[in-house]
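For reference, the structure discussed in these notes is given below.
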Amino acid sequence: MKNRVKLARIEKNLTQVELAKSVNVSRQTIGLIENGKYNPSLKLCINIAKTLGKTLDDLFWEVDKGD
């Protein structure tokens with residue numbers, strides 16, 4: 001999860017501050033999400049995905065590497 005949010009944010013040329021303002025959270029919250037240290041609510045996940053032009057699957061779906 002962490003790297004996909006950060007990569008999508010960078011693709012959109014957004015800073016953590018800009019993304020945070022767009023989804024109404026602190027920059028620190030975005031940093032924690034990107035580092036996998038914060039589990040965002042579904043509502044926040046949806047807002048982040050919409051802001052970044054991605055789906056929830058693109059950003060947050062955990063892929064089982066054993067398959």
Side-chain angles (χ1 to χ4, degrees):
M1 170 171 64
K2 59 182 178 177
N3 292 334
R4 288 181 280 173
V5 173
K6 184 174 183 176
L7 288 173
R9 176 179 59 78
I10 291 169
E11 283 176 7
K12 282 282 201 179
N13 294 316
L14 292 174
T15 65
Q16 285 184 343
V17 171
E18 291 167 333
L19 178 56
K21 282 186 178 183
S22 295
V23 298
N24 203 29
V25 297
S26 69
R27 184 213 47 85
Q28 290 84 354
T29 299
I30 298 300
L32 290 171
I33 292 168
E34 289 183 355
N35 288 310
K37 296 181 180 175
Y38 180 80
N39 190 13
S41 68
L42 179 58
K43 182 178 180 181
L44 180 53
C45 289
I46 290 168
N47 287 338
I48 290 170
K50 283 183 179 179
T51 300
L52 296 176
K54 300 287 185 180
T55 67
L56 290 174
D57 284 356
D58 291 339
L59 297 178
F60 299 106
W61 189 255
E62 295 288 333
V63 176
D64 184 2
K65 297 200 183 344
D67 288 344

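This structure is a prediction, so every number in the text was calculated from the model and none was measured.
Looking at E18, its side chain does come within 3.5 Å of a backbone N or O of T15 through a donor-acceptor pair. The closest donor-acceptor contact from the side chain of T51 to the backbone of N47 lies under 3.5 Å.
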- Message: Assess the residue pair R9 and E34 against the criterion (side-chain contact (heavy atoms from CB on, under 4.5 Å)); give the C-alpha distance rounded to whole Å, side-chain angles, the decisive distance to 0.1 Å, and a yes or no.
- Response: CA-CA 10 Å; R9 176 179 59 78; E34 289 183 355; 2.5 Å; yes

- Task: Step by step, work out the side-chain contact (heavy atoms from CB on, under 4.5 Å) result for K54 and E11.
- Result: CA-CA 11 Å; K54 300 287 185 180; E11 283 176 7; 3.3 Å; yes

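In this structure, F60 CZ and T55 OG1 are separated by 10.0 Å, a value rounded to the nearest 0.5 Å. Atoms CG and CD1, from N39 and I33 in turn, are 9.0 Å apart once rounded to the nearest 0.5 Å. Here CG of D58 is found 12.0 Å from CG of L7. Values are rounded to the nearest 0.5 Å. Distance check, rounded to the nearest 0.5 Å: CG of L56 to CH2 of W61 gives 10.5 Å. For the atom pair I30 CD1 and L14 CG, the distance stands at 10.0 Å (nearest 0.5 Å).
I10 and L32 are not part of a single hydrophobic cluster, where members link through side-chain heavy atoms under 4.5 Å apart. No path of Ile, Leu, Val, Met, Phe, Trp and Tyr side chains, each step under 4.5 Å between heavy atoms, connects V17 with V23, placing them in separate hydrophobic clusters.
By the 6.0 Å contact criterion, CG on D57 is enclosed, its count of non-hydrogen atoms from other residues, nucleotides or ligands being greater than 12.
No side-chain donor-acceptor contact under 3.5 Å links Q28 and Q16.
Of all heavy-atom pairs between L59 and A8, the closest is CD2-CB, 3.7 Å. Closest of all the heavy-atom pairs between C45 and P40 is SG-CG, 3.5 Å.
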